[in-house]
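Here the structure is laid out as structure tokens; the discussion comes afterwards.
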Amino acid sequence: MTWQDIATFAFATFLLVSSPGPNGALIVKTVSTSGVPAGFANIAGFFSAFWIHGTFSIFGLSVIVMQSAMAFAVVKYIGAAYLLWLGLKALYEAAFYRERQGGGTSQPRPKSLKHAYLEGLLTNGLNPKVSMFYLAVFPQFMSHDGGHVLVAAYMLVAIHSIINIAWFSLVILLLSRLRTIALAGGLRRGLKAITGAVFIGFSAKLAAAQSPP
């Protein structure tokens with residue numbers, strides 16, 4: 001794998017990571033309600049899920065899922081159901097967000113770092129599109145020179161993970177500066193409603209995904 005291959009993969013990965021998706025929606029929801037540390041816990045969950053998907057893809061387990069219509073459907077619908085649950089939960093919180101007497105607000109308890117980590121892990125771990133991405137790009141960027149294949153594959157997973165961490169860290173830092181404004185009751189309620197609708201939309205999109213031929 002040449003430096004040109006690495007640069008090409010990094011650029012393609014950046015376009016994928018920076019495009020709107022469930023990860024970004026989760027980060028926005030988490031930082032606005034639970035703060036910056038919880039946002040970084042989301043990223044830790046993303047990171048873990050990438051390495052799980054990468055390992056499954058490298059050792060052929062994802063191929064079995066992709067080639068089995070039933071296995072793909074099970075993973076796909078579990079992931080879609082999880083995104084739907086996140087969306088409905090956000091819409092519920094937006095609908096029942098009330099101002100307290102005395103100027104305070106009634107809002108859900110901020111999630112723990114463990115909870116935020118698990119949300120990040122499940123949002124990616126239950127999304128078969130991550131494995132589809134790895135299975136599609138690995139053969140294009142890896143040479144077949146014996147033992148170096150394994151090293152090259154994990155290098156691609158590492159590049160994907162680093163770009164993901166860098167991008168969403170920038171997003172979190174930006175959101176942290178806007179969080180004071182976002183804490184206003186009306187804006188927070190609107191943000192929850194928007195992120196809830198986005199999660200439901202991604203749930204529908206994932207449910208409609210077709211397994212590779």
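Any value given below was found using the heavy atoms of this structure, including those in side chains, with hydrogens, waters and symmetry copies removed. Keep in mind the model is a prediction, meaning the values are calculated, not measured.
Applying the side chain to side chain contact (heavy atoms under 4.5 Å, CB included) criterion to I172, with sequence neighbours excluded, gives I27, V31, V36, F40, I43. Considering only residues two or more places apart in sequence or on other chains, S48 meets the side-chain hydrogen bond (donor to acceptor under 3.5 Å, both in side chains) condition with Y117.
One distance of note links CZ of F47 with CD1 of I52; it measures 11.0 Å at 0.5 Å rounding. To the nearest 0.5 Å, atoms CG (N23) and OG (S18) are separated by 12.0 Å. Here CZ of F50 is found 6.5 Å from OG of S161. Values are rounded to the nearest 0.5 Å. The distance from the CG atom of L122 to the CG atom of L118 is 6.0 Å, given to the nearest 0.5 Å. One distance of note links CD1 of I162 with NE2 of H160; it measures 11.5 Å at 0.5 Å rounding. Rounded to the nearest 0.5 Å, atoms CZ (F46) and CD1 (I165) are 11.0 Å apart.
The hydrophobic cluster containing I6 also contains F11, counting ILVMFWY residues as joined when their side-chain heavy atoms lie under 4.5 angstrom apart, directly or transitively. No chain of hydrophobic side-chain contacts below 4.5 Å, direct or via other Ile, Leu, Val, Met, Phe, Trp or Tyr residues, connects L113 to L121. Residues L26 and L173 do not share a hydrophobic cluster, defined by chaining ILVMFWY side chains whose heavy atoms lie under 4.5 Å apart.
Within the structure, no pair that satisfies the side-chain hydrogen bond (donor to acceptor under 3.5 Å, both in side chains) test touches residues 162-172, not counting sequence neighbours.
Annotation for V157 and G54: closest pair CG2-CA, 3.9 Å, computed over non-hydrogen atoms. Residue N42 comes nearest to E119 through the heavy atom pair ND2-CB, 4.3 Å, listed as atom of the first residue, atom of the second, then distance. Taking every heavy atom of both residues into account, T30 and G39 meet most closely at CG2-N, 3.7 Å. The two atoms that bring A49 and G125 nearest to each other are CB-N, 3.7 Å, heavy atoms only.
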- prompt: Checking side-chain contact (heavy atoms from CB on, under 4.5 Å) for the pair I159/I163: CA distance, chi angles, key distance, verdict?
  reply: CA-CA 6 Å; I159 292 171; I163 291 175; 3.8 Å; yes

